[in-house]
Amino acid sequence: MSALETTTCKATRWPGVIRAYATHLPVTAETPVVTLHEGNTPLIRVDNFVRAIEGDFELYLKYEGLNPTGSFKDRGMTLAVSKAKERGASAVICASTGNTSASAAAYASRAGMKCVVILPNGKIAMGKLAQALMYGATTIAIEGNFDDALRIVRELGETGKVEVVNSINPVRIEGQKTAAFEICDVLGRAPDFHFLPVGNAGNITAYWKGFREYQAVGKADRLPRMFGYQAAGAAPIVDGHPIADPQTIATAIRIGNPASWQSALAAAAESQGHIGKVTDEEILHAHRLIARSDGVFVEPACAAPLAGLIRCVRDRLIPKGSVITATMTGHGLKDPDTAIQSAGVQPLVVRPNTAAVMEVIGL
Ligand SMILES: *Cc1c(COP(=O)(O)O)cnc(C)c1O
């Protein structure tokens, strides 16, 4: 008979990533901390998924969808907006596939700053657009893609009138690396492999930096192999050249010319890792599978590394007993349209009586 395992943990007031990891971040006692208590996201062990893909290892998902605006972008944004405020900036600007704009808009409103977001028209998931508008950002949709938006933002940044909070701002990477710290703190070790989606490639850069820094100060015993995945229609790093018109259902990684291209390659090379690509079909399959096997609802981009892991299992690249972590970068509710499409089923509409319901459920 097994008793319910109890722990001595109790709820505490998590202070947000800046205060939790201040000694590892470019902040001083004078830095005003603009936080929504981001970070401290769950690390969920998903044995059902592993069984379903016939793996023989431990897989933990870092569920970043539970950050305040529903994606990992909050980790970098708390720092970027705090540093902008420290410098006396009154406005922040970003280009975005959606989540950066949601996060920038939220933290700017908290800081009492103006926020301008530039989005590719018609290519933003519904939840993310709702956020930018709700938080009160000046929301501009350009008739172009993310790469066009980022070019415009870079040029506006050069005027010195606005603070750019895209991941070309190195402070964003600093904040985002705290997710790697949390993984090591919770596991009590670094994983053997870390899987994540790659879009503009800031996050793979950030995790690799975080894992290395923790190892350097003796808080992690090893370094994971970094496995990043792009969508096949938007895979400039894998294909070896910028993609003029990137296409994928995973809009968060629909990027043809990643800003952190070189550092993503460096993370893969230095860690004996890999940057690969998976098709939209594989992405949608993994997207459904993780929801149905373990109750973890993520946005489509997060399914890219899961699809990549399925390939790795098939190719027998994962040694038995490995400890693997994967970043689920954003919440499934961000993109309800794709989710409903991906689910491949519709509600069963019946007459409002018990017999009719019994009939469709086969009782
Ligand atoms: C931003 C984002 C990505 C891509 O991260 P990069 O740092 O640009 O590589 C992936 N998934 C989601 C949900 C995102 O918001």
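Throughout, residue positions are numbered sequentially from 1 according to the sequence presented.
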- Item | Any donor-acceptor pair under 3.5 Å from N257 side chain to D147 backbone | no

- Task: Indicate yes or no: at least one non-hydrogen side-chain atom of M113 is less than 4.5 angstrom from one of V34.
- Result: no

- Message: Between the side chains of E213 and K209, is the shortest nitrogen-to-carboxylate-oxygen separation below 4.0 Å, so that they form an ion pair?
- Response: yes

- Verify, without hydrogens or angle tests, whether D148 (side chain) and N145 (backbone) share a donor-acceptor contact under 3.5 angstrom. yes

- Just do the side-chain contact (heavy atoms from CB on, under 4.5 Å) check on D245 and Q247 with the steps written out, would you? CA-CA 6 Å; D245 186 21; Q247 294 297 344; 3.1 Å; yes

- Query: Under 4.5 Å between side-chain heavy atoms, hopping through other hydrophobics if needed: is there a path connecting V50 to Y60?
  - Reply: no

- Query: Is there a donor-acceptor contact under 3.5 Å linking the side chains of T78 and R19?
  - Reply: no

- Is any side-chain heavy atom of W208 closer than 4.5 Å to a side-chain heavy atom of S263? no

- Is it the case that one hydrophobic cluster holds both L119 and V116, taking links as side-chain heavy atoms less than 4.5 Å apart, direct or via other members? no

- Same apolar cluster: V162 and V117, side chain cutoff 4.5 Å: no

- Query: Which heavy-atom pair separates N67 from G39 by the least distance, and what is that distance?
  - Reply: OD1-N, 2.8 Å

- For S342 and H287, what are the C-alpha separation, side-chain angles and deciding distance, and is it a side-chain contact (heavy atoms from CB on, under 4.5 Å)? CA-CA 8 Å; S342 173; H287 187 225; 3.1 Å; yes

- Message: Test side-chain contact (heavy atoms from CB on, under 4.5 Å) on V92 and M77; report intermediate values, then the result.
- Response: CA-CA 11 Å; V92 297; M77 205 55 74; over 6 Å; no

- Would you please say whether a donor-acceptor pair under 3.5 Å links the side chains of N169 and R172? no

- With a 4.5 Å limit on heavy-atom distance, are the side chains of I93 and V165 in contact? no

- Query: So, the side chain of S82 versus the backbone of P32: is there a donor-acceptor pair under 3.5 Å, distance only?
  - Reply: yes

- Task: Could you tell me whether a side-chain N or O of S322 sits under 3.5 Å from a main-chain N or O of I318, the two making a donor and an acceptor?
- Result: no

- Rounded to the nearest 0.5 Å, what separation is found between the OH atom of Y229 and the NE2 atom of H274? 4.5 Å

- Would a distance-only check, ignoring hydrogens and angles, find a side-chain to backbone donor-acceptor pair under 3.5 Å from E30 to T28? no

- Are a donor atom and an acceptor atom from the side chains of Q341 and T338 found within less than 3.5 Å of each other? no

- Donor-acceptor pair, D221 side chain versus A190 backbone, under 3.5 Å? yes

- Message: Quick check on E270: does its CD atom have over 12 non-hydrogen neighbours (other residues, nucleotides or ligands) under 6.0 Å away?
- Response: yes

- Note on the structure: Of all heavy-atom pairs linking L129 and I124, the shortest is N-CG2, 3.7 Å

- Message: Please determine whether a side-chain nitrogen of the Lys or Arg among K83 and E163 lies less than 4.0 Å from a carboxylate oxygen of the Asp or Glu.
- Response: no

- Query: Between Y207 and H194, is the gap from one ring center to the other below 6.0 Å?
  - Reply: yes

- Message: Strictly distance-based, threshold 3.5 Å: is any side-chain N or O of K177 a donor or acceptor partner for the main-chain N or O of R212?
- Response: no

- Message: Counting only heavy atoms not in R351 (residues, nucleotides, ligands), do more than 12 fall under 6.0 Å from its CZ?
- Response: no

- Query: Just by modelled atom types, is the I324 backbone N or O under 3.5 Å from a matching donor or acceptor in the D192 side chain?
  - Reply: no

- Smallest heavy-atom separation, G202 atom then I173 atom, equals O-CD1, 3.4 Å

- Message: Could you check whether atom CD of E143 has more than 12 heavy atoms from other residues, nucleotides or ligands sitting under 6.0 Å from it?
- Response: no

- Report the distance from atom CD1 of I283 to atom CG of L306, rounding to the nearest 0.5 Å. 10.5 Å

- Presence of salt bridge, R45 and D294, under 4.0 angstrom: no

- Item | Derivation of the side-chain contact (heavy atoms from CB on, under 4.5 Å) call for V313 and F57 | CA-CA 10 Å; V313 170; F57 44 77; 3.6 Å; yes

- Would you give the length of the straight line joining atom CG of L150 to atom CD1 of I168, rounded to the nearest 0.5 angstrom? 5.0 Å

- Item | Qualifying residue, where the test is side chain to side chain donor-acceptor pair (under 3.5 Å) with N99 and the options are H331, K334, K73 | K334

- For the pair R311 and E282, evaluate salt bridge (charged side-chain N to carboxylate O under 4.0 Å, His left out) and give the outcome as yes or no after the intermediate values. CA-CA 10 Å; R311 281 194 182 201; E282 290 174 277; 2.6 Å; yes

- Does the side chain of H24 come under 3.5 Å of the side chain of T178 through a donor N or O and an acceptor N or O? no

- Find the distance between CD (E58) and CG (L187) and round it off to the nearest 0.5 Å. 8.5 Å

- Message: For E86 and T31, which I'm curious about, is there any donor-acceptor pair between the side chains at under 3.5 Å?
- Response: yes

- Message: Grouping I, L, V, M, F, W and Y whenever their side-chain heavy atoms are under 4.5 Å apart, do Y21 and V186 come out in a common cluster?
- Response: no

- Do the charged groups of E299 and K128 touch, with an N to O distance under 4.0 Å? yes

- Within a strict 4.5 Å, meaning less than it, do heavy atoms of the P336 and L333 side chains meet? no

- Message: Please give me the minimum heavy-atom distance between F211 and L223, naming the atom from each residue.
- Response: O-CD2, 3.5 Å

- Task: Looking only at non-hydrogen atoms, find the nearest pair between S101 and C94 and report the distance.
- Result: CA-SG, 3.8 Å

- Task: Using only heavy-atom distances, determine whether the side chains of K62 and T41 contain a donor-acceptor pair under 3.5 Å.
- Result: yes

- Side chain to side chain, L61 and T325, heavy atoms closer than 4.5 Å: no

- With no hydrogens and no angle check, is any side-chain donor or acceptor of E38 less than 3.5 Å from a backbone partner on V17? yes

- Decide yes or no for N166 and T100: does some side-chain heavy atom of the first lie under 4.5 Å from some side-chain heavy atom of the second? yes

- Message: Is there a continuous path of hydrophobic side-chain contacts, each under 4.5 Å between heavy atoms, that joins F193 to V278?
- Response: yes

- Nearest non-hydrogen partners of T327 and P197, listed with the distance: O-CD, 3.7 Å

- Message: To the closest 0.5 Å, what do you measure between CG (L59) and CG (N48)?
- Response: 11.5 Å

- Message: I'd like to know if the side chain of N203 pairs up with that of Q176 as donor and acceptor (distance under 3.5 Å, no hydrogens or angles considered).
- Response: yes

- Message: Can a donor-acceptor pair be found, under 3.5 Å and without considering hydrogens, that links the side chain of Q230 to the backbone of I237?
- Response: yes

- Taking the side chain as every heavy atom from C-beta outward, state whether K123 and T97 have any atom pair closer than 4.5 Å. no

- Once you round to the nearest 0.5 Å, how far does CG of D280 lie from OG1 of T248? 3.5 Å

- Task: Side-chain contact test, heavy atoms from C-beta onward, threshold under 4.5 Å: evaluate it for Y107 versus P68 and give yes or no.
- Result: yes

